[in-house]
*Asks:* 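There's a structure below that I have some questions on.
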There are 2 protein chains.
Amino acid sequence: MTMSSTGGRRKPPTIHDVAREAGVSRGTVSRVLNGGHYVSPAAADAVDAAIRKTGYVVNRHARSLITGRSDSVGFLLTEPQERFFEDPNFNVLLRGCTQALAAHDIPLLLMLAGTDDERRRITRYITAGHVDGVLLVSSHSGDPVAEELRAAGVPLVACGKPIGLGSKVSYVAADDRDGARDMVRHLLALGRRRIGVVTGPLDTPGGVERLAGYREVLAEAGVEADERLVVSGDYSRASGEAGAERLLARAPDMDAVFVASDLMAQGVLTALNRAGRRVPQDVAVGGFDDSPAAVAASPELTTIRQPWDRISSEMVRVLLAQIGGEDPAAVILPTELVKRDST
Amino acid sequence: MTMSSTGGRRKPPTIHDVAREAGVSRGTVSRVLNGGHYVSPAAADAVDAAIRKTGYVVNRHARSLITGRSDSVGFLLTEPQERFFEDPNFNVLLRGCTQALAAHDIPLLLMLAGTDDERRRITRYITAGHVDGVLLVSSHSGDPVAEELRAAGVPLVACGKPIGLGSKVSYVAADDRDGARDMVRHLLALGRRRIGVVTGPLDTPGGVERLAGYREVLAEAGVEADERLVVSGDYSRASGEAGAERLLARAPDMDAVFVASDLMAQGVLTALNRAGRRVPQDVAVGGFDDSPAAVAASPELTTIRQPWDRISSEMVRVLLAQIGGEDPAAVILPTELVKRDST
DNA sequence: GCTGCTTCTGTGAGCGTTCACAGTAGAGAA
DNA sequence: TTCTCTACTGTGAACGCTCACAGAAGCAGC
């Protein structure tokens with residue numbers, strides 16, 4: 001009875017068993033397993049059959065021991081935990097990376113390092129060689145982990161350009177400035193002229209670039225810049241709410257807001273609603289990300305789509321290339337305006 | 001210049017280097033590493049010092065090769081991907097499990113198996129022994145993975161009682177029935193008598209139990225049962241919205257709804273709002289989960305808190321015990337009524 | 001003295017794989 | 001024939017660790 005918890009697990013077949021079954025040597029089986037070069041068709045067939053018959057699966061520990069590679073990559077999140085819970089973007093990215101890696105049969109180790117203590121532990125773990133490379137997800141730039149890993153020579157790809165590390169670290173990012181430009185142009189096209197902005201944190205590339213795009217387009221259109229229309233947030237819903245309140249107090253005639261994230265835009269909607277402003281009639285609201293938060297909001301948000309599926313697949317591609325010995329690379333992907341009900 | 005991408009990774013120290021440095025044998029170093037029994041204080045100190053000096057970290061592949069254990073566990077999600085994106089509960093659970101495992105220095109491998117194809121691959125991967133055990137997260141019962149893993153003898157802990165597998169599989173769950181009872185009692189205490197319910201899928205234990213709790217309390221209170229007040233959903237936001245519309249059509253005098261998940265409750269709010277019903281004045285709405293969706297909703301949801309932090313830590317505890325050879329176990333945890341603005 | 005026991009230490013073997021190398025067979029060219 | 005080249009195959013030696021075992025040293029009791 002109680003055996004059911006432990007029973008059923010007998011010794012798995014080894015490469016030896018397969019070799020014996022196929023009537024060839026270990027070496028030949030190994031060659032079949034690793035691409036099949038320099039193997040006669042007859043031998044290859046025999047090995048394939050033997051593998052099927054024995055149910056053989058390669059022991060990754062033994063393989064890793066000799067190759068020095070772990071055939072797994074880490075997905076490292078250095079955000080404090082509440083951001084991970086709150087922001088649906090992480091979910092999408094995680095899912096995308098998992099799938100892209102699955103195509104290469106590479107498992108993903110999720111690593112969360114919210115506190116300094118955890119960060120130390122994880123860094124040690126990674127530099128000990130337990131993963132072949134790291135997908136780094138963190139929006140802030142002061143992050144010491146990226147620099148430590150880079151210095152240790154660990155292949156690394158960041159999501160979003162890490163400020164201050166120059167070209168030594170690979171990254172994949174959406175074209176933040178261009179996306180912001182599209183949104184502000186869209187708001188102008190609707191006839192809005194008093195366009196506010198709730199920026200992201202200005203120590204993040206996304207925060208800086210999206211604000212720059214906003215300013216550029218207004219200047220190009222000859223619309224008077226008004227610093228009362230600029231407030232900054234930290235990508236959280238609460239900061240969006242607070243930002244909108246400040247904007248309304250400072251510029252009651254505001255007829256549109258460009259918000260640097262969908263989550264903040266949700267907060268903006270809450271604040272506008274409370275102030276009795278109708279969206280989009282009185283104030284048009286444009287978000288950024290096209291995260292699940294965009295359709296969860298009411299009204300559904302007009303936003304800038306970040307191509308998360310491509311971002312994740314590119315991150316994986318660049319990381320694997322780097323593990324394979326290539327140099328770091330930067331990839332910038334285009335964004336797209338998605339019109340919904342808030343503008 | 002381009003060396004910077006590959007350089008910096010020299011051969012890590014082995015147990016041999018430590019032994020030489022400490023002036024002892026491999027065996028002694030290994031003993032220190034694994035608990036330090038039968039080692040003289042002097043030798044232990046020398047080894048500790050040598051480990052610090054050389055920066056030695058044990059090579060897990062080599063260790064796993066001989067012990068046959070991987071010292072890692074899998075977090076397996078067999079939901080279709082949209083549910084993973086949408087439902088914040090998964091996030092919370094994932095985070096909790098990661099942290100609980102981190103305390104044991106055990107990394108977590110995230111495995112997503114939304115399609116049949118992925119399911120096959122992952123099952124093969126797991127049964128090949130690449131993880132020591134699996135934390136299984138999936139709400140539906142028809143799930144073949146649980147049964148396959150159980151049959152293969154893989155230590156397994158499910159989140160929520162798996163229907164149809166009896167006592168052979170460990171699980172950790174919140175007390176769904178009791179939580180539902182609390183919520184319905186709360187609605188009754190507010191003077192509501194025409195209380196509707198949007199259930200979860202009735203092939204999930206949560207769906208069944210929460211509905212049962214609802215029925216029990218109404219019966220106990222002598223409130224007339226009315227099947228027009230009962231509709232079922234699938235835990236998605238959209239199904240909550242559709243459910244509320246059906247309820248309003250069939251029982252326009254409804255003055256409260258108990259919704260079996262916060263996410264569905266968000267949909268219910270949307271539908272009520274569109275129908276011009278004020279919440280909570282006209283219709284009180286009670287959710288379930290106390291997920292981030294509860295505070296994201298407006299008005300913020302009164303709900304039943306599932307103790308996610310305890311659920312995840314218990315799942316990890318039970319799994320590790322089972323890996324250590326103990327028998328499967330079931331853990332039921334209490335819930336708690338959280339009052340907010342929707343009732 | 002010898003025997004037995006406990007505590008500690010070193011050594012050889014082996015986990016399952018890949019890699020480098022040596023070697024075989026057959027074809028084609030001189 | 002002999003030599004060279006290509007296509008393929010087998011074998012021993014690692015990889016870094018743990019485990020089982022054999023021994024050494026110290027101490028007690030006879």
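Bear in mind that the values here come from a model prediction, so they are computed numbers and not experimental data. Values reported hereafter were calculated over all heavy atoms of this structure, with side chains retained and with hydrogens, waters and symmetry mates removed. Throughout, protein chains are lettered first and strands after them, A, B, ... in sequence-line order, and every chain is numbered starting at 1.
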*Asks:* Give the nucleotide from the list D:dT18, C:dG16, C:dC19 with an atom nearest to the side chain of B:T67.
*Replies:*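 Per side-chain heavy atoms of B:T67, the pick is D:dT18.
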*Asks:* Give the table of side-chain donor-acceptor pairs shorter than 3.5 Å for residues 13-21 of chain A, with sequence neighbours excluded, one pair per line with atom names and distance.
*Replies:*
unit_1: A:T14; atom_1: OG1; unit_2: A:H16; atom_2: N; d: 3.0
unit_1: A:D17; atom_1: OD1; unit_2: A:R20; atom_2: NH2; d: 2.9
unit_1: A:D17; atom_1: OD2; unit_2: A:T14; atom_2: N; d: 2.9
unit_1: A:E21; atom_1: OE2; unit_2: A:K53; atom_2: NZ; d: 3.0

*Asks:* So how far is it from B:L101 CG to B:S72 OG, rounded to the nearest 0.5 Å?
*Replies:*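 Here the interatomic distance stands at 9.5 Å.
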*Asks:* Check nucleotides 5-12 of chain D against the protein and report each pair of N or O atoms closer than 3.5 Å, with its distance, or say if there are none.
*Replies:*
unit_1: D:dT9; atom_1: OP1; unit_2: A:S40; atom_2: OG; d: 2.6
unit_1: D:dT9; atom_1: OP2; unit_2: A:S40; atom_2: N; d: 3.0
unit_1: D:dG10; atom_1: OP2; unit_2: A:S25; atom_2: N; d: 2.8
unit_1: D:dG10; atom_1: OP2; unit_2: A:S25; atom_2: OG; d: 3.0
unit_1: D:dG10; atom_1: OP2; unit_2: A:T28; atom_2: OG1; d: 3.0
unit_1: D:dG10; atom_1: N7; unit_2: A:R31; atom_2: NH2; d: 3.1
unit_1: D:dG10; atom_1: O6; unit_2: A:R31; atom_2: NH1; d: 3.2
unit_1: D:dG12; atom_1: N7; unit_2: A:R26; atom_2: NH2; d: 3.4
unit_1: D:dG12; atom_1: O6; unit_2: A:R26; atom_2: NH2; d: 2.4

*Asks:* At their closest point, which heavy atom of B:G160 faces which heavy atom of B:A173, and how far apart are they?
*Replies:*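 So the minimum-distance heavy-atom pair works out to CA-CB, 3.8 Å.
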*Asks:* Would you please classify the geometry between the B:H61 ring and the A:H130 ring as parallel, tilted or perpendicular, with 30° and 60° separating the classes?
*Replies:*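 Answer is perpendicular, since the angle exceeds 60°.
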*Asks:* Just the rounded figure in Å: distance from C1' of D:dC15 to CG of A:L65.
*Replies:*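 Atom-to-atom, A:L65 to D:dC15, this comes out as 4 Å.
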*Asks:* Does any part of the side chain of A:C159, heavy atoms only, come nearer than 4.5 Å to the side chain of A:Y171, both counted from C-beta?
*Replies:*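 SC-SC contact between A:Y171 and A:C159 ruled out.
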*Asks:* How long is the line joining CD1 of B:I15 and C1' of C:dG14, in whole Å?
*Replies:*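 Distance, rounded to whole Å: 15 Å.
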*Asks:* Would you mind reading off the distance between A:H61 atom NE2 and C:dT18 atom C1', rounded to a whole angstrom?
*Replies:*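 To the nearest whole Å, that distance equals 16 Å.
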*Asks:* Please report the distance, rounded to the nearest Å, between CZ in A:R60 and P in C:dT18.
*Replies:*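 It works out to 11 Å between those atoms.
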*Asks:* Is the distance from OP1 or OP2 of C:dT18 to the nearest side-chain N or O of A:N34 less than 4.0 Å?
*Replies:*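 Yes, A:N34 has a side-chain N/O under 4.0 Å of OP1/OP2 on C:dT18.
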*Asks:* If I take atom CD1 in residue A:I66 and atom P in nucleotide D:dA14, what distance separates them, rounded to the nearest angstrom?
*Replies:*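 That distance rounds to 11 Å.
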*Asks:* Measuring from A:L110:CG to A:T98:OG1, what's the distance to the nearest 0.5 Å?
*Replies:*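 Spacing of CG (A:L110) from OG1 (A:T98) equals 8.0 Å.
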*Asks:* Within this structure, what is the CG-to-P distance between B:N59 and D:dA14, rounded to whole angstrom?
*Replies:*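 So the CG-P distance, B:N59 to D:dA14, works out to 18 Å.
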*Asks:* Rounding to an integer number of Å, can you tell me how far A:R69 CZ sits from C:dT17 P?
*Replies:*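 That distance rounds to 18 Å.
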*Asks:* What is the separation between atom CZ on B:R20 and atom C1' on C:dT9, rounded to the nearest whole Å?
*Replies:*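 Nearest whole value for this atom pair: 19 Å.
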